[in-house]
Amino acid sequence: MELIKDGKRIDGRAPDELRPIKIEAGPLYRADGSCYLEWGGNKIMAAVYGPKEAIPRHIQDSTKAVINARYNMASFSVEDRKRPGPDRRSQEISKITAEALENVILTEMFPRAVIDVNIEVLDADAGTRCAGITAAAVALADAGIPMRDIPVACAAGKVDGVVVLDLLGDEDKKGDADLPVAIAPRSEEILLLQMDGHMTVEEFDEALELALKGCREISKLQKEALLKKYKTFEEE
Amino acid sequence: MGISSVKKDYLYRLAKEGKRPDGRAFNEYRPIKIERGVINMAEGSARVSIGHTTVLAGIKMDIGEPYPDTPEEGAMSTAVELIPLASPDFESGPPRADAIELSRVVDRGIRESKFIQLEKLCIEPGEKVWIVFIDIHVLDYDGNLFDACSLAASAALMNAKIPNERFEMGEDVPMPLSDPPVSCTFVKYNGAIVVDPSLDEDEAAEARHTIAVDKKGDIRAMQKGLSGSFTVEEIKNNINNARIISKDIRKILEG
């Protein structure tokens with residue numbers, strides 16, 4: 001299968017083009033903050049609870065809040081049904097997601113507290129960890145959690161020898177490399193970085209530049225979604 | 001977590017006056033919204049809201065061996081996930097008794113009404129049959145998960161196609177179904193019996209009664225839950241009310 005033909009990808013995108021993204025801030029009633037995000041074929045719901053007292057006590061940190069992120073895939077979100085509950089992949093993603101978010105959250109304001117960040121993948125088509133972090137960041141802002149910045153994530157990669165932005169399912173499966181990146185957009189510091197596949201150092205430089213460009217575009221959409229919710233409140 | 005005693009007193013006092021905290025009549029249901037086909041990866045799906053409660057059901061199918069006692073029938077399995085996204089009181093980890101009871105009551109309504117025509121899901125008798133996985137993800141918990149999960153499961157099944165193409169067995173075809181069950185749940189607190197409990201009412205409830213009614217108005221499954229009790233008269237009343245209320249819900253489900 002040819003992944004790139006006449007400079008176009010299998011879904012007709014140019015190499016440096018994102019899939020369509022739709023972000024809604026605060027769709028859930030119970031959560032302290034929430035976000036629904038559609039990104040190509042991905043559908044993600046994120047919810048934040050807290051800060052609240054960390055229980056059991058031994059998980060408390062007397063100097064700062066603990067960030068407890070849980071990335072979970074719905075059984076029906078993938079082609080072959082996934083057994084419910086955490087597996088090694090989702091536990092790794094949960095860990096690096098919590099670490100990336102912790103970087104920007106002013107955790108020292110809430111000693112002995114926990115902030116729960118729940119990310120549910122409802123429909124999956126590659127790039128769910130980036131979509132999850134992007135949605136979780138909006139949910140944290142919606143919950144009013146003080147942060148230095150609103151994190152954003154996007155992947156770049158390589159398919160048929162060409163460096164491309166935002167891989168979809170078939171490109172991820174049959175492509176040469178995948179590079180998910182999360183940043184704090186104001187300083188463009190890297191909060192999460194993973195890579196698998198095969199890239200030259202030059203290709204990596206090009207892919208990272210593309211991922212940063214993607215992050216900048218998505219960062220705007222995150223802020224628009226938050227403004228949309230809170231501007232409506234102002235007008236009412 | 002449970003309900004605070006102040007709130008419980010408030011609900012009790014309202015109940016004595018024939019009122020509910022959200023102003024509904026005792027036999028009044030909250031607005032229902034159903035969106036179908038919302039998940040690309042699923043064979044069928046539906047997102048159902050009852051008031052602020054929202055659940056998402058997805059159907060996946062696989063080919064497997066039949067159970068030895070039903071060699072010419074497909075199989076089904078129902079699982080409700082009470083994920084911590086939906087409520088501060090839900091914890092991660094393996095399903096607890098609450099989630100298992102909920103899954104089994106939803107399963108029973110579908111199974112006993114013979115909603116899925118399992119005999120049409122046989123590929124090779126004794127060897128290969130379709131297995132239908134009904135997975136229900138609770139997204140927002142504001143009371144009455146029994147009815148919300150049951151409704152979402154039925155709507156998702158009605159939206160489902162057998163994925164023949166993916167298994168190189170020809171074209172996809174609709175799921176073989178008969179008439180869906182409709183579930184109606186009542187809770188009792190301080191002598192009042194109300195339909196479609198909100199979160200506060202769920203937490204104040206002393207006893208719960210779920211009734212799955214078929215299209216004719218016959219009963220296909222029931223569950224009494226919690227440590228309180230109902231009189232025989234109350235049980236009969238609930239069944240009568242369920243037969244009436246389920247007609248309106250059925251219109252929304254089939255509409």
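- For T54(B), no part sits under 4.5 Å from any heavy atom of chain A, backbone or side chain.
- Between R9(A) and E17(A) no salt bridge is recorded (no basic side-chain N to carboxylate O distance below 4.0 Å).
- The existence of a salt bridge linking D178(A) and K173(A) is excluded, since no basic side-chain nitrogen approaches an acidic carboxylate oxygen closer than 4.0 Å.
- Between F167(B) and W130(B), the ring planes lie perpendicular to each other; the angle is over 60°, past the 30° to 60° tilted range.
- There is no contact between D32(A) and chain B, counting heavy-atom distances below 4.5 Å.
- R208(B) has no carboxylate O lying under 4.0 Å from a charged side-chain N of D202(B), or vice versa, which leaves the two without a salt bridge.
- The pair D166(A)-R13(A) meets the salt-bridge criterion, since a charged nitrogen lies less than 4.0 angstrom from a carboxylate oxygen.
- The greatest number of non-hydrogen atom pairs below 4.5 Å with chain A, out of I83(B), I59(B), T53(B), D62(B), is found for I83(B).
- Contact count versus chain B (heavy atoms, under 4.5 Å) is highest, among P27(A), A31(A), A139(A), P84(A), for P84(A).
- For R70(A), the part lying near chain B is the side chain, with the backbone staying farther off; criterion is any non-hydrogen pair under 4.5 Å.
- Checked for salt-bridge contact, K114(B) and E119(B) miss the test: no charged N lies under 4.0 Å from a carboxylate O.
- Using a 4.5 Å cut-off between heavy atoms, S75(A) contacts chain B through both its backbone and its side chain.
- Proximity to chain A (any heavy atom under 4.5 Å) is shown, for N40(B), by both the backbone and the side chain.
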